[in-house]
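Shown next, in structure tokens, is the structure this report addresses.
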Amino acid sequence: MDSDLSAGVRQRPVHVIAGRSLVVWEMDLINPPDAPDHCPPGVAWIMTLDQGRVKRLTLCHTPRPRSGDEGVAA
């Protein structure tokens, strides 16, 4: 993550879901103009909580669009 931040990648919150034992942050990843393919387009931070503290953290990256899939509805 440190190398991504150093490269200029930023995150923008899209959705946040929070409960007693689970927090999910869905983020857009914004790549710098000089490295548009540095990171995939998004990530979900999934945090399992124990007594209000993060016990486990899982990152799930949004798949990159395949070449030719732009503008095609799923």
Side-chain angles (χ1 to χ4, degrees):
M1 174 168 232
D2 193 36
S3 67
D4 291 339
L5 292 173
S6 295
V9 176
R10 299 294 178 253
Q11 295 186 47
R12 178 178 44 224
V14 176
H15 295 107
V16 175
I17 301 168
R20 287 183 188 256
S21 62
L22 185 72
V23 175
V24 178
W25 294 344
E26 182 184 352
M27 307 287 231
D28 284 338
L29 294 177
I30 303 161
N31 290 311
D34 60 335
D37 294 325
H38 185 86
C39 284
V43 66
W45 294 73
I46 303 168
M47 295 163 272
T48 303
L49 306 177
D50 183 15
Q51 297 181 12
R53 299 185 73 153
V54 176
K55 179 178 180 179
R56 189 169 94 191
L57 171 66
T58 304
L59 292 180
C60 298
H61 289 90
T62 305
R64 295 178 196 266
R66 294 181 305 199
S67 180
D69 281 355
E70 296 82 18
V72 176

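- Here the straight-line distance linking atom CD1 of I17 with atom CG of L22 works out to 8.0 Å at 0.5 Å rounding.
- Following chains of ILVMFWY side-chain contacts shorter than 4.5 Å, one cannot reach V24 starting from V54, and the two form parts of different hydrophobic clusters.
- Note: the hydrophobic cluster containing M27 also contains M1 (ILVMFWY, side chain heavy atoms under 4.5 Å, direct or indirect links).
- L59 and V23 fall within a single hydrophobic cluster, where Ile, Leu, Val, Met, Phe, Trp and Tyr side chains are chained together by heavy-atom contacts under 4.5 Å.
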Contacts table for residues 33-51: side-chain donor-acceptor under 3.5 angstrom, sequence neighbours left out:
| from | atom 1 | to | atom 2 | distance (Å) |
| --- | --- | --- | --- | --- |
| H38 | NE2 | D4 | OD1 | 2.8 |
| W45 | NE1 | Q11 | OE1 | 3.0 |

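- Residues satisfying the side chain to side chain donor-acceptor pair (under 3.5 Å) criterion with W25, sequence neighbours excluded, are absent altogether.
- To the nearest 0.5 Å, the span separating CZ on R10 from CG on L29 amounts to 11.5 Å.
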